[in-house]
Amino acid sequence: MFKLASILIICFLIISCKDRSTNGSEELPAVPGFISAVDISRFPDIQTSGAAFTDRNGNPGNVLEMLKDHGVNTIRLKLWVTPETEASSFEEVKDFSEELKALGFNIWLTVHYSDTWADPGKQLLPSRWEGIGFESLKDSVYAYTSKVITQLDPDYIQIGNEVNAGFLHPFGDISKNSEQFIELLETGISAVRDHSSKTHIMIHYAGIEHSGWFFDQVQSLDYDIIGISYYPIWHGKSLTNLESTMRNLSTQFDKDIVIAETAYPFTLNWNDNTHNIVGLDEQLILPDYPASPDGQQRFIRDIGSLINSLDRGIGMCYWGAELIAWKGTQATDGSPWENQALFDFSNRALPVLNQFHFE
């Protein structure tokens with residue numbers, strides 16, 4: 001009897017270790033259905049400007065209530081370490097996330113580990129961490145991430161934003177210091193695991209080209225979700241290629257997968273004097289998805305269907321949902337995204353909002 005019990009215990013331990021090594025998240029709660037998310041990181045600033053929004057019928061409406069009523073269940077917010085203004089600062093994100101949680105939204109944080117935008121072309125050290133050595137940087141990453149987890153308590157967290165080239169350069173430059181890049185990711189992940197049994201960890205890559213190579217580099221790490229950015233202007237115009245790449249990534253690396261960022265224009269016109277990022281037909285997927293309210297709606301409908309077709313596709317996030325021309329029509333430092341927001345140039349909800357009730 002004792003021998004049998006010992007064998008059973010050993011088998012249990014082996015299975016437990018195996019599960020942890022392949023998934024890394026057996027203690028986490030399951031993702032509560034499809035993640036229907038929008039990134040509205042600038043909304044506190046836009047709200048302060050006094051911009052008024054309306055529903056499809058032109059009736060005054062509360063943006064957060066409209067999003068919730070249309071199926072959005074998760075809000076994604078970017079977080080900067082020491083930004084020049086309060087925008088995306090720790091305190092702003094804390095206050096806003098508490099408001100969002102009270103309304104029933106899940107919180108998805110994209111932690112840039114920078115004072116400003118971090119993306120494949122720019123991964124700058126925060127000013128407070130300049131001049132320190134690598135070991136001190138790891139200590140700082142651990143302490144900062146621990147603070148984020150314990151005080152903000154997100155449901156999902158990205159360790160870095162679009163980390164194709166690494167993050168926290170020059171230390172975490174994947175092309176020059178790949179081992180340090182992995183160590184820094186591992187440090188952030190450890191801080192999450194040490195302080196939360198509920199937060200799902202995501203690693204976020206922009207695009208699909210070379211994504212298999214990238215996720216092969218990080219396969220030793222204990223994370224839960226593969227995040228992919230997909231914008232036709234930068235990442236190709238084939239949804240078939242997008243689908244096959246996501247399916248292959250999910251299968252090869254045994255991970256749930258999401259589109260962490262996407263968007264599409266409802267027009268190529270401008271509503272302020274700030275240069276728009278998307279403004280040409282050649283940047284669109286034509287003729288299937290013209291720059292029109294209907295084309296925008298069909299694009300998001302088909303992206304949602306694509307993700308739902310994947311065995312482990314668990315959600316998507318629309319980036320810049322709130323980025324109307326909130327600084328006025330003459331602003332040259334306003335929104336480069338107002339033609340891709342979820343509200344038109346009169347700040348009225350667009351038909352695309354009807355596509356966020358994903359099953």
Side-chain angles (χ1 to χ4, degrees), residues 14-37 73-74 76 106 108 110 120 155-166 174 178 181-182 185-186 188-189 192-193 199-232 234-262 285 299-319 358-359:
I14 291 172
I15 292 171
S16 297
C17 291
K18 182 179 180 181
D19 287 346
R20 184 67 181 180
S21 64
T22 56
N23 187 24
S25 58
E26 78 279 8
E27 296 178 358
L28 289 173
V31 172
F34 194 93
I35 301 170
S36 179
N73 55 34
T74 302
R76 181 179 185 261
N106 292 323
W108 170 351
T110 169
D155 300 279
Y156 312 97
I157 188 170
Q158 293 176 209
I159 308 299
N161 184 71
E162 295 187 328
V163 293
N164 305 35
I174 194 172
S178 60
F181 167 61
I182 296 298
L185 278 178
E186 192 170 40
I189 289 169
V192 178
R193 296 294 191 218
T199 302
H200 296 257
I201 299 172
M202 185 185 306
I203 296 181
H204 178 200
Y205 181 89
I208 55 180
E209 187 176 5
H210 307 306
S211 56
W213 174 88
F214 174 85
F215 283 103
D216 188 56
Q217 306 309 300
V218 301
Q219 66 175 323
S220 64
L221 297 174
D222 174 21
Y223 72 102
D224 308 297
I225 302 171
I226 289 173
I228 295 291
S229 292
Y230 176 66
Y231 298 104
W234 294 304
H235 305 135
K237 300 176 183 178
S238 170
L239 296 193
T240 300
N241 189 30
L242 173 65
E243 179 181 358
S244 63
T245 300
M246 292 183 70
R247 190 181 303 277
N248 290 340
L249 288 172
S250 178
T251 300
Q252 180 179 353
F253 300 108
D254 191 23
K255 300 290 182 185
D256 292 334
I257 192 164
V258 301
I259 291 185
E261 291 184 21
T262 194
I285 303 177
F299 177 82
I300 293 304
R301 178 200 67 193
D302 291 350
I303 287 289
S305 296
L306 181 158
I307 299 167
N308 268 321
S309 74
L310 306 176
D311 290 340
R312 298 188 64 175
I314 61 169
M316 64 153 286
C317 178
Y318 194 99
W319 194 88
F358 298 111
E359 299 296 333

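The residues of the chain are indexed from 1 along the displayed sequence. We use all heavy atoms of the structure for the numbers below, so side chains are in, but hydrogens, waters and symmetry mates are not.
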*Between Met316 and Ile300, is any pair of side-chain heavy atoms under 4.5 Å apart?*
yes
*Return the minimal non-hydrogen interatomic distance between Lys237 and Pro232, and the atom names on each side.*
CG-O, 4.2 Å
_Geometric class of the Phe253/Phe215 ring pair [parallel <30°, tilted 30-60°, perpendicular >60°]_ = tilted
*What distance separates Ile259 CD1 from His204 NE2, expressed to the nearest 0.5 Å?*
10.0 Å
*Looking only at heavy atoms, what is the nearest atom pair of Ile159 and Ile189, with distance?*
CG1-CG1, 4.1 Å
*What is the ring orientation for Tyr231 with His235, classed by angle as parallel under 30°, tilted 30 to 60°, or perpendicular over 60°?*
tilted
_Atom pair OH/CG of Tyr156 and Asp224 - distance to nearest 0.5 Å_ = 10.5 Å
*asked:* Under a plain distance cut-off of 3.5 Å, with no hydrogens placed, do Glu162 and Ser229 share a side-chain donor-acceptor pair?
replied: yes
*Between the main-chain N or O of Asn73 and the side-chain N or O of Ser36, is there a donor-acceptor pair closer than 3.5 Å?*
no
*Nearest 0.5 Å, what's the CD1-CD1 distance between Ile314 and Ile35?*
4.0 Å
*asked:* Any heavy-atom pair between the side chains of Lys255 and Leu249 that's under 4.5 Å?
replied: no
*Is the closest side-chain heavy-atom distance between Thr251 and Asp311 below 4.5 Å?*
no
*asked:* On a heavy-atom basis, which atom in Phe214 and which in Val163 lie closest, and how many Å separate them?
replied: CE1-O, 3.3 Å
*Atom pair CD1/CZ of Ile174 and Phe181 - distance to nearest 0.5 Å*: 4.5 Å
*Answer whether the closest heavy-atom distance between the side chains of Leu28 and Arg193 falls below 4.5 Å.*
yes
*Any sub-3.5 Å donor-acceptor pair from Ser309's side-chain atoms to Leu306's backbone N or O?*
yes
_Over all atoms of both residues, closest heavy-atom pair of Ile228 and Gly207_ = CG2-O, 3.4 Å
*Taking atom OG1 of Thr245 and atom NE2 of His210, what is their separation to the nearest 0.5 Å?*
11.5 Å
*Are the side chain of Asp216 and the backbone of Gly212 linked by a donor-acceptor contact shorter than 3.5 Å?*
no
*asked:* Can you tell me how far apart CE (Met246) and CG (Asn241) are? Round to the nearest 0.5 Å.
replied: 12.0 Å
*Would you check if the side chain of Asn161 reaches a backbone N or O of Thr110 as a donor-acceptor pair within less than 3.5 Å?*
no
*Is it the case that more than 12 heavy atoms not belonging to Glu209 sit under 6.0 Å from its CD atom?*
no
*Give the minimum heavy-atom separation between Val218 and Tyr223, together with the two atoms involved.*
O-CE2, 3.8 Å
*asked:* Do Thr74 and Asp155 make a side-chain contact, defined as non-hydrogen atoms from C-beta onward lying under 4.5 Å apart?
replied: no
*Ignoring hydrogens and geometry, is there a side-chain-to-backbone donor-acceptor pair from Arg76 to Trp319 under 3.5 Å?*
no
*Could you check if a side-chain atom of Ile307 sits within less than 4.5 angstrom of a side-chain atom of Val258, using non-hydrogen atoms only?*
no
*Of all heavy-atom pairs between Asp222 and Ile201, which one has the smallest distance, and what is that distance?*
O-CD1, 4.1 Å
